[in-house]
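Notes for the one structure printed next.
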Amino acid sequence: MTMPEFPADFPPGTGLVHLTETASTNDEARRLFALSADTAVWIMADRQTAGRGRMGRGWSSPEGNLMASLMCRPACGISLMGQLGFVAGLAVQSAIAEMSGLVAKLKWPNDVLIEGAKCAGILLETLSPAPGREAGLCIGIGVNLQYHPTDTPYPATSLKAAAGTAPSRRGLLAVLARNFETLRMIWQDQGFKPIRQMWLENAHGLGREITVALPQEKIAGKFRDIDEEGRLLLEKSDGKTRPVAAGDVFFGSTGDTGND
Ligand code: BTN
């Protein structure tokens, strides 16, 4: 395992490991956590040979896009770690705005959209501790800078496709790391409330009819809110609210891709 450097343009005390190629930066984060979890470390790879996405899907990881994972040990129990996915979504969104001027929106749980098309995804994985130690969290982030897949069940885009040009991976990662740390400190000091508020203000499709695809069923309703655990609150036609912990959201009661 390459030892982290501590770049001057990263938040103080936050490390960086830059790899040419790896299977998945989330796996590297897991390996690093087993060795030492004393400092937060970003692991970035130029290419991933087995990049993974949510719900067991793959993640297209060609050279030119940003693939990075943050290995950290949040000061909270495992049930609240999902809140950091919303912190990460906001950090990606603000880094994109800062570096490319594009207005991105957030799609539950952790996607980042430009004009309704996905340009970034986030995969959270908990890291098991050694006996007697606190659990860790890996926040894996993929941003389509130069390329985007064309065979996805949802529309996808890249910053290059949306703005004509894309920032450098390393430049975007430094801004992302700093924005994440600023938002993480708000979360640590003030709890989930301000993060939830900011996330909802930037959410795609709040108040609209959505369909959530779960492994065994599809449920339709209005996207009303997210709760403390980051679950989507769906108001069904009978007026009852159903919290959803994991699933894929499609816009409209028929489950279209809701490209707006
Ligand atoms: C998703 O939207 O499905 C989540 C995609 C997460 C992709 C990133 S790329 C860096 C990190 N390493 C992985 O294998 N996956 C995440």
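Counting starts at 1 for both ligands and their atoms, following the listed order. In this chain, numbering begins with 1 at the start of the sequence shown.
- In this structure, atom 5 (C) of ligand 1 lies nearest to the protein heavy atom Trp59 CE3, 3.4 Å.
- Between Arg52 and Glu125 there is a salt bridge, with a side-chain nitrogen of the basic residue lying less than 4.0 Å from a carboxylate oxygen of the acidic one.
- For ligand 1, the atoms lying closer than 4.0 Å to a non-hydrogen atom of Gly51 are 14 (O).
- The side-chain heavy atoms of Leu113 and Leu106, taken from C-beta on, include no pair separated by under 4.5 Å.
- Counting the atoms of ligand 1 from 1 in the order shown, those under 4.0 Å from a heavy atom of Gly142 are 7 (C), 8 (C), 9 (S).
- Residue Lys118 places a heavy atom less than 4.0 Å from ligand 1.
- Taking atom 12 (N) of ligand 1 as the reference point, the nearest protein heavy-atom neighbour is Gln48 OE1, 2.8 Å.
- A heavy-atom distance below 4.5 Å is found between the side chains of Phe86 and Trp108.
- Ionic pairing of Arg242 and Glu217 is present here: one or more N-O contacts between side-chain nitrogen and carboxylate oxygen are shorter than 4.0 angstrom.
- With a 4.5 Å cut-off on side-chain heavy atoms, Gln48 and Thr25 count as touching.
- Counting the atoms of ligand 1 from 1 in the order shown, those under 4.0 Å from a heavy atom of Ala68 are 10 (C).
- Remark: minimum distance from atom 10 (C) of ligand 1 to any protein heavy atom is reached at Thr25 OG1, 3.2 Å.
- Taking 4.5 Å as the limit, some side-chain heavy atom of Leu84 sits within range of a side-chain heavy atom of Trp187.
- A salt bridge links Asp248 with Arg57: the closest approach of a Lys/Arg side-chain nitrogen to an acidic carboxylate oxygen falls below 4.0 angstrom.
- Applying the 4.0 Å criterion to heavy atoms of Ser69 picks out, from ligand 1, the atoms 11 (C).
- Scanning all protein heavy atoms for the shortest distance to atom 15 (N) of ligand 1 gives Arg52 O, 2.7 Å.
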Start with the C-alpha distance between Asp9 and Arg178, add both sets of side-chain angles, then the distance that settles salt bridge (Lys or Arg N to Asp or Glu O under 4.0 Å), and finish with yes or no. CA-CA 8 Å; Asp9 59 350; Arg178 295 199 298 268; 5.0 Å; no
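- Between Asp225 and Arg196 there is a salt bridge, since at least one side-chain N of the basic residue sits less than 4.0 Å from a carboxylate O of the acidic one.
- Residue-level proximity to ligand 1 for Ser61 is absent, since no heavy atom of it falls below 4.0 angstrom.
- Near Ile122, the atoms of ligand 1 lying under 4.0 angstrom from a non-hydrogen atom of the residue are 2 (O), 4 (C).
- Closest to atom 3 (O) of ligand 1 among all protein heavy atoms lies Arg54 N, 2.7 Å.
- Counting the atoms of ligand 1 from 1 in the order shown, those under 4.0 Å from a heavy atom of Asp111 are 2 (O).
- Residue Gly53 has at least one heavy-atom neighbour below 4.0 Å for each of these atoms of ligand 1: 1 (C), 3 (O), 4 (C), 5 (C).
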